[in-house]
Amino acid sequence: IKPVLSLIPFQSIYYRSEIDRSLAKSESLDYQTLKYSLRSELDRQLYMILSDEFKVNSLLKDNSEEDQKLLDYIFYSTASSYTQLESQDKVDRKLLQSGQIKEAAVQEEQRYMKTLIHNPKLMDSMEDQLQSDYYLFIGELDILLPQSIEEKQSNRNIYVHFTLYNKEAEIVDSGVVSQLIPERKCKSIKDISNDGFAPIAYQFNDLLEVLVE
(Lines give C-alpha, C1' and ligand atoms only; values in the text may rest on other atoms or scores of the structure.)
Protein backbone atom coordinates (compact mmCIF):
# COMPACT_ATOMS: atom_id res chain seq x y z
CA ILE A 1 0.00 0.00 0.00
CA LYS A 2 1.37 3.38 -0.98
CA PRO A 3 1.78 5.98 1.79
CA VAL A 4 -0.36 9.09 1.36
CA LEU A 5 1.35 12.43 0.79
CA SER A 6 -0.35 15.82 0.64
CA LEU A 7 1.20 18.76 -1.21
CA ILE A 8 0.85 22.19 0.39
CA PRO A 9 1.84 24.92 -2.13
CA PHE A 10 3.69 28.07 -1.20
CA GLN A 11 1.87 31.26 -0.30
CA SER A 12 1.97 33.83 -3.08
CA ILE A 13 4.07 36.25 -1.01
CA TYR A 14 6.86 33.64 -0.81
CA TYR A 15 7.98 33.79 -4.40
CA ARG A 16 11.20 35.44 -5.58
CA SER A 17 12.12 35.74 -9.22
CA GLU A 18 14.73 37.64 -11.18
CA ILE A 19 13.34 36.56 -14.56
CA ASP A 20 9.75 37.80 -14.26
CA ARG A 21 10.16 40.77 -16.57
CA SER A 22 11.42 38.76 -19.54
CA LEU A 23 9.16 35.77 -18.81
CA ALA A 24 6.02 37.89 -18.44
CA LYS A 25 6.81 39.62 -21.73
CA SER A 26 7.37 36.39 -23.65
CA GLU A 27 4.23 34.80 -22.18
CA SER A 28 2.12 37.99 -22.40
CA LEU A 29 1.05 37.56 -18.77
CA ASP A 30 0.83 39.92 -15.82
CA TYR A 31 3.07 39.15 -12.85
CA GLN A 32 0.28 37.82 -10.64
CA THR A 33 -0.92 35.34 -13.26
CA LEU A 34 2.67 34.36 -13.94
CA LYS A 35 3.31 33.61 -10.28
CA TYR A 36 0.21 31.45 -9.89
CA SER A 37 0.97 29.64 -13.14
CA LEU A 38 4.44 28.71 -11.89
CA ARG A 39 2.99 27.61 -8.55
CA SER A 40 0.51 25.36 -10.34
CA GLU A 41 3.21 23.89 -12.60
CA LEU A 42 5.46 23.06 -9.66
CA ASP A 43 2.53 21.38 -7.92
CA ARG A 44 1.62 19.48 -11.10
CA GLN A 45 5.12 18.09 -11.58
CA LEU A 46 5.33 17.03 -7.93
CA TYR A 47 1.92 15.37 -8.20
CA MET A 48 2.79 13.43 -11.36
CA ILE A 49 6.27 12.29 -10.38
CA LEU A 50 5.64 11.51 -6.71
CA SER A 51 2.55 9.49 -7.64
CA ASP A 52 4.81 6.56 -8.54
CA GLU A 53 5.70 6.07 -4.89
CA PHE A 54 2.82 7.80 -3.07
CA LYS A 55 -0.86 8.38 -3.22
CA VAL A 56 -0.68 12.15 -3.67
CA ASN A 57 -3.21 14.79 -2.65
CA SER A 58 -3.03 18.17 -4.37
CA LEU A 59 -4.95 21.19 -3.13
CA LEU A 60 -4.47 22.92 -6.50
CA LYS A 61 -5.28 20.12 -8.92
CA ASP A 62 -9.08 20.37 -8.89
CA ASN A 63 -9.26 24.08 -8.04
CA SER A 64 -12.25 23.37 -5.81
CA GLU A 65 -13.78 25.77 -3.30
CA GLU A 66 -13.36 23.19 -0.53
CA ASP A 67 -9.64 22.81 -1.25
CA GLN A 68 -9.19 26.59 -1.31
CA LYS A 69 -10.89 26.95 2.08
CA LEU A 70 -8.58 24.33 3.56
CA LEU A 71 -5.58 26.02 1.98
CA ASP A 72 -6.61 29.38 3.45
CA TYR A 73 -6.92 27.74 6.87
CA ILE A 74 -3.49 26.14 6.49
CA PHE A 75 -1.91 29.51 5.65
CA TYR A 76 -3.69 31.07 8.64
CA SER A 77 -2.42 28.30 10.91
CA THR A 78 1.25 28.31 9.87
CA ALA A 79 4.14 30.71 10.10
CA SER A 80 7.21 31.00 7.93
CA SER A 81 10.67 31.39 9.41
CA TYR A 82 13.92 32.03 7.56
CA THR A 83 16.26 29.40 8.93
CA GLN A 84 19.98 28.99 8.32
CA LEU A 85 20.86 25.94 6.29
CA GLU A 86 23.55 24.25 8.35
CA SER A 87 25.59 21.21 7.39
CA GLN A 88 24.57 19.21 10.44
CA ASP A 89 20.92 19.63 9.47
CA LYS A 90 21.40 18.18 6.00
CA VAL A 91 20.44 14.64 5.11
CA ASP A 92 22.71 12.51 2.91
CA ARG A 93 20.19 12.45 0.10
CA LYS A 94 22.34 10.72 -2.52
CA LEU A 95 20.58 12.64 -5.25
CA LEU A 96 21.03 11.79 -8.90
CA GLN A 97 23.87 13.69 -10.58
CA SER A 98 23.23 12.66 -14.18
CA GLY A 99 20.73 13.39 -16.91
CA GLN A 100 18.53 16.39 -16.14
CA ILE A 101 19.42 16.47 -12.45
CA LYS A 102 22.03 19.15 -11.91
CA GLU A 103 21.69 20.97 -8.64
CA ALA A 104 22.23 24.72 -8.34
CA ALA A 105 24.79 25.82 -5.80
CA VAL A 106 23.58 25.86 -2.18
CA GLN A 107 25.84 27.69 0.26
CA GLU A 108 26.26 26.55 3.86
CA GLU A 109 25.18 29.98 5.13
CA GLN A 110 22.14 30.05 2.85
CA ARG A 111 18.81 30.53 4.57
CA TYR A 112 15.56 28.81 3.68
CA MET A 113 11.89 29.32 4.44
CA LYS A 114 10.82 26.79 7.07
CA THR A 115 7.10 26.22 7.67
CA LEU A 116 6.05 26.08 11.32
CA ILE A 117 2.59 25.04 12.55
CA HIS A 118 1.35 27.39 15.28
CA ASN A 119 -2.29 26.28 15.38
CA PRO A 120 -2.52 22.96 17.29
CA LYS A 121 -5.85 22.21 15.61
CA LEU A 122 -4.46 22.33 12.07
CA MET A 123 -3.21 18.75 11.86
CA ASP A 124 -6.58 17.38 13.00
CA SER A 125 -8.32 19.43 10.30
CA MET A 126 -5.92 18.24 7.61
CA GLU A 127 -6.28 14.65 8.80
CA ASP A 128 -10.07 14.90 8.58
CA GLN A 129 -9.96 16.04 4.96
CA LEU A 130 -6.73 14.61 3.56
CA GLN A 131 -5.97 11.55 5.72
CA SER A 132 -2.29 11.64 4.87
CA ASP A 133 0.82 10.02 6.28
CA TYR A 134 2.98 12.97 5.26
CA TYR A 135 2.53 16.66 4.41
CA LEU A 136 5.03 18.36 2.10
CA PHE A 137 4.89 22.12 2.66
CA ILE A 138 6.50 24.19 -0.09
CA GLY A 139 7.72 27.26 1.79
CA GLU A 140 9.08 29.35 -1.06
CA LEU A 141 10.00 29.27 -4.75
CA ASP A 142 13.03 31.21 -5.99
CA ILE A 143 14.20 31.61 -9.59
CA LEU A 144 17.43 33.57 -9.35
CA LEU A 145 20.45 34.64 -11.32
CA PRO A 146 23.70 32.92 -10.29
CA GLN A 147 26.31 35.04 -8.51
CA SER A 148 29.15 34.49 -11.00
CA ILE A 149 29.24 36.54 -14.20
CA GLU A 150 29.94 33.42 -16.27
CA GLU A 151 26.93 31.56 -14.90
CA LYS A 152 24.62 34.58 -15.26
CA GLN A 153 25.11 34.51 -19.01
CA SER A 154 24.00 30.91 -19.44
CA ASN A 155 22.09 29.57 -16.42
CA ARG A 156 19.48 30.30 -13.76
CA ASN A 157 19.05 28.79 -10.30
CA ILE A 158 15.75 27.38 -9.03
CA TYR A 159 15.36 26.82 -5.28
CA VAL A 160 12.38 25.11 -3.67
CA HIS A 161 12.19 25.51 0.11
CA PHE A 162 10.33 22.73 1.93
CA THR A 163 9.27 21.30 5.27
CA LEU A 164 8.07 17.69 5.51
CA TYR A 165 5.71 16.82 8.37
CA ASN A 166 4.35 13.45 9.42
CA LYS A 167 0.77 13.02 10.65
CA GLU A 168 1.92 13.43 14.25
CA ALA A 169 2.84 17.04 13.37
CA GLU A 170 6.56 16.26 13.66
CA ILE A 171 9.07 17.69 11.19
CA VAL A 172 10.74 14.84 9.31
CA ASP A 173 13.04 17.06 7.25
CA SER A 174 13.34 20.60 5.92
CA GLY A 175 15.67 22.53 3.67
CA VAL A 176 16.15 23.41 0.00
CA VAL A 177 16.04 21.39 -3.20
CA SER A 178 17.76 23.14 -6.10
CA GLN A 179 18.10 22.83 -9.84
CA LEU A 180 20.24 24.55 -12.46
CA ILE A 181 18.32 25.46 -15.61
CA PRO A 182 19.72 26.90 -18.87
CA GLU A 183 18.85 30.55 -19.49
CA ARG A 184 17.37 29.62 -22.89
CA LYS A 185 14.83 27.40 -21.08
CA CYS A 186 13.49 30.33 -19.04
CA LYS A 187 11.51 31.87 -21.88
CA SER A 188 8.33 29.87 -21.27
CA ILE A 189 6.46 28.40 -18.30
CA LYS A 190 6.32 25.05 -20.10
CA ASP A 191 10.11 24.88 -20.40
CA ILE A 192 10.64 25.94 -16.79
CA SER A 193 8.22 23.22 -15.75
CA ASN A 194 9.82 20.48 -17.85
CA ASP A 195 13.48 21.43 -17.41
CA GLY A 196 13.37 22.93 -13.92
CA PHE A 197 10.41 21.68 -11.90
CA ALA A 198 10.40 18.09 -13.17
CA PRO A 199 14.03 17.45 -12.13
CA ILE A 200 13.23 19.02 -8.76
CA ALA A 201 10.29 16.66 -8.38
CA TYR A 202 12.59 13.70 -9.11
CA GLN A 203 14.95 14.97 -6.43
CA PHE A 204 12.05 15.08 -3.98
CA ASN A 205 11.16 11.52 -5.02
CA ASP A 206 14.68 10.35 -4.12
CA LEU A 207 14.64 12.31 -0.90
CA LEU A 208 11.27 11.01 0.24
CA GLU A 209 12.21 7.42 -0.58
CA VAL A 210 15.06 7.69 1.92
CA LEU A 211 13.04 9.47 4.59
CA VAL A 212 9.91 7.34 4.66
CA GLU A 213 11.36 3.85 4.11
Side-chain angles (χ1 to χ4, degrees), residues 2-17 32 35-83 85 91 93 111-143 158-179 193 196-198 200-209 211-212:
K2 291 182 179 180
V4 183
L5 174 74
S6 286
L7 302 174
I8 313 299
F10 63 89
Q11 296 188 55
S12 60
I13 58 173
Y14 297 123
Y15 165 74
R16 293 194 301 156
S17 173
Q32 189 76 352
K35 176 169 54 181
Y36 280 106
S37 296
L38 289 168
R39 185 174 80 153
S40 295
E41 280 301 308
L42 175 59
D43 186 84
R44 186 179 69 85
Q45 291 288 0
L46 288 168
Y47 180 89
M48 289 193 306
I49 290 166
L50 295 179
S51 290
D52 286 342
E53 302 294 335
F54 297 88
K55 179 181 178 183
V56 183
N57 294 321
S58 166
L59 294 175
L60 298 180
K61 184 173 179 288
D62 297 327
N63 198 29
S64 71
E65 184 177 344
E66 183 179 359
D67 286 344
Q68 185 58 53
K69 285 182 179 179
L70 177 57
L71 193 55
D72 290 341
Y73 183 62
I74 290 171
F75 291 159
Y76 170 79
S77 303
T78 56
S80 297
S81 173
Y82 270 118
T83 305
L85 192 65
V91 175
R93 292 166 181 158
R111 293 158 71 87
Y112 71 97
M113 190 64 80
K114 189 174 188 177
T115 302
L116 302 174
I117 296 175
H118 63 74
N119 180 358
K121 297 180 180 179
L122 174 61
M123 191 56 71
D124 288 339
S125 297
M126 290 196 298
E127 278 294 285
D128 286 343
Q129 296 189 51
L130 300 173
Q131 299 176 355
S132 298
D133 300 295
Y134 298 95
Y135 297 86
L136 181 60
F137 287 79
I138 303 302
E140 183 173 305
L141 170 63
D142 304 329
I143 307 178
I158 298 177
Y159 298 101
V160 175
H161 308 224
F162 75 93
T163 308
L164 179 68
Y165 279 87
N166 61 23
K167 61 184 177 183
E168 285 77 34
E170 300 167 333
I171 293 178
V172 178
D173 191 23
S174 62
V176 173
V177 171
S178 67
Q179 173 67 22
S193 179
F197 295 162
I200 281 174
Y202 279 113
Q203 291 189 52
F204 270 113
N205 196 59
D206 290 350
L207 167 61
L208 294 172
E209 274 189 331
L211 292 173
V212 306

Does the pair T83 and R111 meet the rule for a side-chain contact (heavy atoms from CB on, under 4.5 Å), with working shown? CA-CA 5 Å; T83 305; R111 293 158 71 87; over 6 Å; no
Reported [atom1]-to-[atom2] distance for the pair [X] and [Y], which is rounded to 0.5 angstrom:
{"X": "T163", "Y": "I8", "atom1": "OG1", "atom2": "CD1", "result": "11.5 Å"}
{"X": "Q179", "Y": "I158", "atom1": "CD", "atom2": "CD1", "result": "7.0 Å"}
{"X": "D128", "Y": "K121", "atom1": "CG", "atom2": "NZ", "result": "12.5 Å"}
{"X": "I171", "Y": "L164", "atom1": "CD1", "atom2": "CG", "result": "9.5 Å"}
{"X": "L7", "Y": "R44", "atom1": "CG", "atom2": "CZ", "result": "13.0 Å"}
{"X": "Y47", "Y": "S6", "atom1": "OH", "atom2": "OG", "result": "11.0 Å"}

Where at least one partner belongs to residues 49-66, residue pairs that pass salt bridge (Lys or Arg N to Asp or Glu O under 4.0 Å), sequence neighbours excluded: E65-K69
Which atom pair, heavy atoms only, marks the closest approach of [X] to [Y]?
{"X": "S77", "Y": "N119", "answer": "OG-ND2, 3.0 Å"}
{"X": "Q45", "Y": "A198", "answer": "OE1-CB, 3.6 Å"}
{"X": "S81", "Y": "L116", "answer": "CB-CD1, 3.9 Å"}
{"X": "L50", "Y": "A201", "answer": "CD2-O, 4.0 Å"}
{"X": "F137", "Y": "T78", "answer": "CE2-CG2, 4.1 Å"}
{"X": "Y14", "Y": "S80", "answer": "CE1-OG, 3.3 Å"}

Do we see a donor-acceptor contact under 3.5 Å between the side chains of [X] and [Y]?
{"X": "S64", "Y": "D67", "result": "yes"}
{"X": "Y15", "Y": "D142", "result": "no"}
{"X": "S132", "Y": "N57", "result": "yes"}
{"X": "E127", "Y": "Y135", "result": "yes"}

Can you find a pair of side-chain heavy atoms, one from [X] and one from [Y], that are under 4.5 Å apart?
{"X": "L71", "Y": "L60", "result": "yes"}
{"X": "Y82", "Y": "M113", "result": "yes"}
{"X": "F197", "Y": "L141", "result": "yes"}
{"X": "L42", "Y": "V160", "result": "yes"}
{"X": "V172", "Y": "Y134", "result": "yes"}
{"X": "I138", "Y": "L46", "result": "yes"}
{"X": "I117", "Y": "M123", "result": "yes"}
{"X": "V4", "Y": "F54", "result": "no"}

Backbone N/O of [Y] and side chain of [X]: donor-acceptor pair under 3.5 Å:
{"X": "Q203", "Y": "S178", "value": "yes"}
{"X": "R39", "Y": "F10", "value": "yes"}
{"X": "K167", "Y": "D124", "value": "no"}

Dump the intermediate steps for side-chain contact (heavy atoms from CB on, under 4.5 Å) on Q68 and Y73, then the final yes or no. CA-CA 9 Å; Q68 185 58 53; Y73 183 62; over 6 Å; no
Determine, for R16 against E140, whether the closest basic-nitrogen to carboxylate-oxygen distance falls under 4.0 angstrom.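 Here R16 pairs with E140 in a salt bridge, since their nearest N and O are under 4.0 Å apart.
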According to the interplanar angle, ranging from 0 to 90°, do the rings of H161 and Y112 count as parallel (below 30°), tilted (30 to 60°) or perpendicular (above 60°)? tilted
Which is it for F204 and F162 under the ring-ring contact (aromatic ring centres under 6.0 Å, His included) test, yes or no, and what are the steps along the way? CA-CA 10 Å; F204 270 113; F162 75 93; 5.2 Å; yes
Under the criterion side-chain contact (heavy atoms from CB on, under 4.5 Å), I'd like the reasoning laid out for L59 against D43: C-alpha separation, chi angles, the key distance, then a yes or no. CA-CA 9 Å; L59 294 175; D43 186 84; over 6 Å; no
Take D133 and N166 through the side-chain contact (heavy atoms from CB on, under 4.5 Å) test and state the conclusion after the steps. CA-CA 6 Å; D133 300 295; N166 61 23; over 6 Å; no
